[in-house]
K.L.:
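Pasting a structure here, questions to come.
Note that ligands are numbered from 1 as they come in the structure, with each ligand's atoms numbered from 1 the same way. Here, residue 1 is the first one in the sequence, and each next residue gets the next number. The figures here come from the full heavy-atom set of this structure, side chains too, leaving out hydrogens, waters and symmetry mates.
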Amino acid sequence: MAKVTFVNVDRPALEGVAIPARVYKSSEEAVKDVARNAAGLVEARRQEGTPCVLGLPTGSTPVGVYRELVRMHRDEGLSFNHAITFNLDEYLPIPNDDPNSFQQFMRDQFFNHVDVKENNLHIPDGTTPIAEVDRHAEEYEAAIAEAGGFDLMLLGIGRTGHIGFNEPGSAPDSRTRRVELSAETRHDAAKAFGGLDNVPTHAITMGLQTMFQAERIVLLAFGEHKAEAVRKALEEPPSSDCPASLLQRHESVAFVLDEAAASGLSRMSG
Ligand code: PGA
């Protein structure tokens, strides 16, 4: 069974599921605990004088975590000047300054408000020509290796069970690469893009193997629309059919859920 990665909380992990899961009344409470734990790690690395390497997600789920980290930077002096960040994924193609690009999202939600160094930010480049994607992906992997691997990987989960843009069918040993988005994932993005036809059909994503190298992984899921993907990830045998379920094989992972996202778990109803 996976080890519990959270130490800085007073909430016991749900027992009897394949990955320790913490269930919060509200996502607001949950994101504060996640931010507090991430900040503790960032600060510990700063005191040791070593870089802190973070894997970072986009989407609506982590917005509150970034908001809280920005607040801690502003009000409590939390510094990211030794942090090295790698985002999970990016649409392909997409201009960097497109309001829906993950590049723009990260700058708006986080990077523009903290002291992380520009040279230490990494986001897959959504403007990479198709012929150069393989080389770009290799360079992304090399940069992660050079940074020394992840201290902490934060993840969301899609309704398909995707993590990053590793859709169902992704191999456990997959690396950073170009992928095709599932119909469900594109449908979920259609509103933001002003219609399904505007949603890119492809993306660049870190692979599952890339993510699984992280020392610790914390997956966040909020809302009833995530309940089925969460149930599969925690209660079904690990399988590429639900990429998040493959996290069961990682030894230091935690799920952070609100009650709605946990509502499909048999432990919650039983
Ligand atoms: P969301 O996306 O946070 O916007 O729900 C999560 C994901 O697709 O990984």
K.L.:
Show me the donor-acceptor pairs, under 3.5 Å and distance only, between side chains in residues 141-159 and residues at least two apart or in other chains.
P.N.:
residue, atom, partner, partner atom, Å
E141, OE1, R175, NH1, 3.1
E141, OE2, T176, N, 2.9
E141, OE2, T176, OG1, 2.7
E141, OE2, T210, OG1, 2.7
D151, OD1, R45, NE, 3.0
D151, OD1, R45, NH2, 3.2
D151, OD2, V53, N, 2.7
R159, NE, D188, OD1, 3.3
R159, NE, D188, OD2, 2.9
R159, NH1, E184, OE2, 3.4
R159, NH2, D188, OD1, 2.7
R159, NH2, D188, OD2, 3.4

K.L.:
Who pairs with H202 by side chain to side chain contact (heavy atoms under 4.5 Å, CB included), at least two apart in sequence or on another chain?
P.N.:
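Testing H202 for side chain to side chain contact (heavy atoms under 4.5 Å, CB included), a comparison that skips the adjacent residues, returns R178, E180.
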K.L.:
Protein N/O near ligand 1 N/O, under 3.5 Å, which pairs?
P.N.:
residue, atom, partner, partner atom, Å
ligand 1, 3 (O), S60, N, 3.2
ligand 1, 3 (O), T61, N, 2.9
ligand 1, 3 (O), T61, OG1, 2.4
ligand 1, 4 (O), S60, N, 2.9
ligand 1, 4 (O), S60, OG, 3.1
ligand 1, 5 (O), K226, NZ, 2.6
ligand 1, 8 (O), H162, NE2, 2.6
ligand 1, 9 (O), H162, NE2, 3.4

K.L.:
Taking atom types as modelled, is there a side-chain donor on D115 or S79 under 3.5 Å from an acceptor on the other?
P.N.:
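The answer is yes; a qualifying pair exists.
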K.L.:
Going by atom types only, do Q213 and Q209 share a side-chain donor-acceptor pair under 3.5 Å?
P.N.:
no
K.L.:
Got a list of side-chain donor-acceptor pairs under 3.5 Å for residues 93-101, not counting sequence neighbours?
P.N.:
residue, atom, partner, partner atom, Å
D98, OD1, N100, N, 2.7
N100, ND2, A192, O, 3.2
S101, OG, N96, O, 2.7
S101, OG, D98, O, 3.1
S101, OG, Q104, N, 3.0

K.L.:
Fit a plane to each ring of H162 and F165, take the angle between them on a 0 to 90° scale, and name the class: parallel (under 30°), tilted (30 to 60°) or perpendicular (over 60°).
P.N.:
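Ring orientation of H162 relative to F165: perpendicular.
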